[in-house]
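Here the structure comes first, spelled out in structure tokens, and everything after it is commentary.
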Amino acid sequence: MLSQESIEKIDRELAKYPADQRRSAVMGALRIAQTEKGWLATETIEFVANYIGISPVAAYEVATFYNMYDLSPVGKHKITVCTNLPCALSGGYDAAEYLKQKLGIDFGETTSDGKFTLCEGECMGACGDAPVLLVNNHTMCSFMSREAIDKKLAELK
Amino acid sequence: MALEIEIDGKKLTVPDGSTIMDAAHQVGTYIPHFCYHKKLSIAANCRMCLVEVEKAPKPLPACATPVTDGMKVFTHSDLAVKAQKGVMEFLLINHPLDCPICDQGGECQLQDLAVGYGGGDSRYQEEKRSVPEKNMGPLVSAEEMARCIHCTRCVRFTEEIGGFQEIGMAHRGEFSEILPFLGKTVDSEISGNVIDLCPVGALTSKPFRYSARTWELSRRKSVSPHDGLGSNMVLQVKHNRVYRALPLENESINECWLADRDRFSYEALNSDLRLTKPMVKQDGRWIETDWAAALDYVSHGLKDIIARDGADRVAFLASPHSTTEELFALKKLARALGVKNTDYRTRRADFRADALQNGALWLGGDVVELAAAKSVLVIGSTLRKEQPLIAARLRQSVKKGTQLNLLALADDDLRTDTHAKLVVAPAALVNALAQVVAAAAELKQESCQLSLDAVSISDEARRIAASLSEAETGAIVLGNLAQHHPAFSELLLLAQELSRLTGARFGLFGEAANSVGAEVFFRPDQGGLNAAQMLAQPQAAYVLLNTEPDFDAHNPQLAKATLGQAKMVAALTAFRSPELLACADVLLPIAPFTETAGSFINMEGRLQSFNGVVKPLGETRPAWKVLRVLGNLAQANGFDFSSVEEIRAEFAKQLNADRVTGLDNTLKTDAAAVSTAVAAEGLQRLGEVPIYQADALCRRATSLQQTADARAPILGLHPDTLREQQLQAGQTVTVRQGEAEVSLTVGEDATLPSGVARVPTAHPLTASLGAMFGRIDIVRGK
């Protein structure tokens with residue numbers, strides 16, 4: 001189901017907690033699984049749950065609670081734009097509008113070529129760098145003016 | 001340390017660690033609540049139990065606030081009531097206004113509390129949220145999930161009591177939804193309890209749905225007729241029909257729970273399969289007749305056969321699901337006729353212990369004591385399926401530090417931690433227990449009083465022996481599989497020896513509601529045949545009480561052949577079963593437990609009496625009345641009892657308050673030798689009785705029959721055995737035992753030891769096969 005590399009990473013997560021508290025590793029394990037698979041299918045969640053030794057529905061609770069777990073397929077690059085207040089004051093909405101226009105999609109949609117998914121996000125803790133956006137949950141991009149966005153999209157293509 | 005506090009001006013002392021809720025219960029003050037439940041962990045998520053506490057800046061949840069010394073609590077102050085009303089307004093915002101059609105209406109905590117705390121009209125003008133329905137399986141309905149108030153009692157129940165979280169709360173905030181894992185149903189054998197726990201009408205009983213309003217039902221106390229625990233129940237009745245079974249709280253037996261078979265087996269009572277008129281077979285055709293003719297037929301038949309073949313060629317077999325009074329009356333009839341052959345142990349294979357027994361076999365203590373033991377060894381039991389509520393109870397004990405040890409025939413998931421376990425093939429069970437005995441003898445540096453062959457002691461056996469020896473209180477219990485095992489007497493002897501060595505008590509799980517009652521009142525008389533002999537050596541006449549030979553016999557194949565040769569088979573039964581129609585000559589419709597008064601003696605030796613809750617269906621009669629007439633027709637003395645109480649009075653000297661006397665698990669062990677050799681060739685059958693095939697009621701309860709536990713039996717094989725046999729899971733093969741062949745689907749079952757073929761018995765698909773244990777062959781070249 002998951003690659004050997006991911007399993008090793010999950011084992012590393014598990015090692016951070018006492019042996020009788022394996023369920024603590026569920027968030028990390030789901031994150032690792034999502035990084036490999038792109039999104040969390042029911043089977044993936046079930047596999048992770050069984051691997052950790054918790055019931056599948058317990059893992060599903062976690063996977064549905066947090067926004068950054070994707071429960072349906074997303075494009076190759078998921079771009080999350082912050083629209084909370086500091087970003088909004090510094091051009092967050094402009095950045096989002098520009099991305100919508102450029103990609104031809106709205107929030108929560110994926111381009112027809114399957115390359116990009118656009119999401120609206122909450123504060124990422126980098127208000128000084130506003131407007132910010134996040135690529136694939138892991139790469140933070142600061143000061144995203146139109147030019148910066150053009151450059152980033154060109155990079156990602 | 002005790003803490004002094006004040007609730008609404010009432011002073012009281014409570015132990016350290018109590019919550020305000022506990023303290024309030026102590027003084028009888030009611031604090032409204034939804035998510036709080038005494039048997040579940042504290043969640044404090046409904047917020048309904050907010051109370052005012054002096055010096056606290058805001059209201060605090062009573063269920064989750066520990067008491068401190070000198071605390072002053074106000075449960076009905078303005079602040080508390082305002083908070084409670086506020087919470088109620090929020091809970092009602094999204095709650096649908098479908099009380100008039102809701103099954104929970106009238107017994108709904110939300111409805112009740114809304115009377116006290118709800119507003120007259122709603123300030124909420126927006127759209128209410130809608131929540132899609134969920135499929136939780138054939139027993140629990142989750143059709144109207146918009147009613148859910150997210151108390152998470154059901155979630156906590158499956159995780160904490162059921163041992164495996166089958167229900168969860170997914171998503172967040174106003175998108176939260178209670179659901180089972182996608183595509184899964186709730187398959188726990190005690191799942192029905194979530195219906196009782198649900199404080200609103202989100203989880204309701206599927207079989208009961210929309211069939212009655214709660215206030216139309218009259219409530220009658222009863223006792224579960226299934227496993228040997230004797231769960232207390234309330235049966236709810238309307239129009240002379242049982243509509244629902246709910247738990248009656250009894251902390252020392254079933255706590256506040258019921259197993260699904262206790263709760264849903266009532267469906268069989270109203271099924272078309274009920275026998276409602278006496279029937280007699282004439283020239284191979286069944287005709288309905290009246291009672292007088294049918295009883296005359298039985299009475300004359302027995303009289304003629306006894307005159308011609310002798311009373312020792314007559315056999316009386318009864319199911320241990322019959323009431324004590326029925327068994328007592330049947331035994332009395334047998335004695336009046338000179339019949340010594342009476343037995344209830346139709347699923348047992350080994351009766352050598354009979355000669356050694358000093359009394360009737362039982363649990364050896366109370367269930368509460370079993371649960372409190374520091375170390376428990378369960379031998380040959382599928383535990384969860386045989387004793388669902390004892391399994392749940394032991395699960396709680398394990399959390400409190402009890403060491404649960406197993407000698408199992410399959411490594412089934414008990415949904416609890418185990419301390420040590422040996423999983424062996426049936427033929428190696430005696431050897432495995434002997435290892436534990438030898439290890440205990442070694443540990444205690446005592447010699448074993450049984451003469452045992454040398455066994456090589458495994459590490460797990462040593463751990464089990466150490467656990468039992470070191471524990472302050474220990475218990476050894478033999479389950480159904482051990483009782484059905486062909487070496488049951490060896491297992492019993494070894495259990496006794498292990499008990500002597502370790503100081504742990506030993507006993508048996510009661511397989512049926514009245515196993516102990518039958519053990520006391522219905523064993524064969526001196527010189528009489530036991531059940532296996534009666535079903536192996538053809539007798540001239542058989543009287544069957546609630547017995548279905550194809551499902552209740554250790555070797556159904558043999559039983560059917562034997563019964564087929566009898567001159568007369570008279571069956572007292574509540575149901576028309578195809579097998580009885582084939583082998584019997586006369587069928588007498590008798591009342592199931594809801595239609596007659598009676599009593600069951602549970603595995604603790606506790607006699608629990610109950611009354612009939614509805615009138616007998618059709619021309620059905622209580623078995624004790626039928627037996628009275630048969631006694632009178634035989635011109636026997638002492639058959640003039642006019643109520644079950646009068647029958648009970650006849651055996652009152654065998655009762656001590658509500659406990660039956662004569663219980664004794666000890667065996668005479670003079671020169672007892674136990675062979676520990678593991679001899680088995682070919683594949684060995686492991687033939688357990690599936691949970692919903694155990695008795696006549698379960699078998700006909702339609703909803704139970706749709707559950708995952710009631711799936712058609714498959715041929716379970718360990719992956720290694722699969723490879724050896726060159727088979728693949730999913731393939732259909734023919735298995736043979738003796739003359740009979742049956743087609744089964746092959747399934748991979750890694751919980752089994754290799755060389756074992758798990759083929760459940762007591763199912764229509766496998767009823768033509770032979771013994772529960774022993775050799776079974778896979779037929780090739782077809």
Side-chain angles (χ1 to χ4, degrees), chain A residues 1-2 14 17-27 29-31 33-34 37-74 80 82-84 107-108 119-124 137, chain B residues 41 43 45 131-132 134-137 140 142 145 148 150-188 191 194 203 395 398-401 413-419 708 750-751:
Chain A
M1 181 87 205
L2 290 180
L14 284 165
Y17 305 99
D20 60 341
Q21 289 169 33
R22 288 170 64 92
R23 70 160 53 214
S24 306
V26 65
M27 287 186 67
L30 287 172
R31 187 194 74 231
Q34 174 166 297
K37 297 278 176 187
W39 64 290
L40 292 174
T42 311
E43 302 77 47
T44 316
I45 298 174
E46 192 169 4
F47 174 85
V48 169
N50 290 335
Y51 189 77
I52 299 177
I54 61 174
S55 83
V57 76
Y60 186 72
E61 286 180 328
V62 174
T64 54
F65 188 90
Y66 295 102
N67 294 18
M68 284 163 86
Y69 296 121
D70 295 309
L71 300 178
S72 51
V74 290
T80 314
C82 175
T83 54
N84 282 180
F107 283 139
C119 296
E120 189 171 19
E122 312 294 332
C123 182
M124 293 157 192
N137 293 343
Chain B
S41 64
N45 56 10
V131 184
K134 311 290 183 303
N135 177 17
M136 291 201 183
V140 180
M145 291 311 284
C148 176
H150 309 99
C151 69
T152 70
R153 274 183 179 184
C154 53
V155 177
R156 285 174 285 147
F157 175 83
T158 57
E159 186 178 1
E160 294 161 18
I161 312 292
F164 185 75
Q165 192 190 335
E166 288 180 283
I167 305 177
M169 185 157 80
H171 305 290
R172 182 160 40 113
E174 73 159 330
F175 302 105
S176 301
E177 281 180 41
I178 294 289
L179 39 70
F181 192 58
L182 306 178
K184 296 257 166 74
T185 51
V186 179
D187 296 334
S188 163
S191 65
V194 300
L203 303 181
R395 200 170 287 137
V398 168
K399 283 186 203 160
K400 290 180 203 136
D413 183 5
L414 295 183
R415 296 182 170 174
T416 184
D417 291 335
T418 47
H419 176 253
T751 67

Checked Val155(B), Asp417(B), Leu182(B) vs chain A; the most non-hydrogen pairs under 4.5 Å come from Leu182(B)

Fill in: Validation row: Gln34(A), Asp70(A) side chains within 4.5 angstrom (heavy atoms)
yes

Whatever's closer than 4.5 Å to a heavy atom in chain A on Leu179(B) counts as both

Under 4.5 Å to a heavy atom of chain A? For Glu177(B) that would be neither

Highest number of heavy-atom pairs under 4.5 Å with chain B among Thr64(A), Leu71(A), Ile45(A) belongs to Thr64(A)

Applying a strict 4.5 Å limit to non-hydrogen atoms, the region of Asp20(A) in contact with chain B is neither

Anything under 30° is parallel, anything over 60° is perpendicular, the rest tilted; go ahead and classify Tyr69(A) against Tyr66(A). perpendicular

- Message: I'd like to know if Glu46(A) pairs up with Lys184(B) as an ion pair, taking the criterion as any Lys NZ or Arg NE/NH1/NH2 lying under 4.0 Å from an Asp or Glu carboxylate oxygen.
- Response: yes

d(Met136(B) CE, Thr185(B) OG1) to nearest 0.5 Å is 10.5 Å

task = Would you indicate whether the side-chain heavy atoms of Val186(B) and Val194(B) approach each other to under 4.5 Å?
result = no

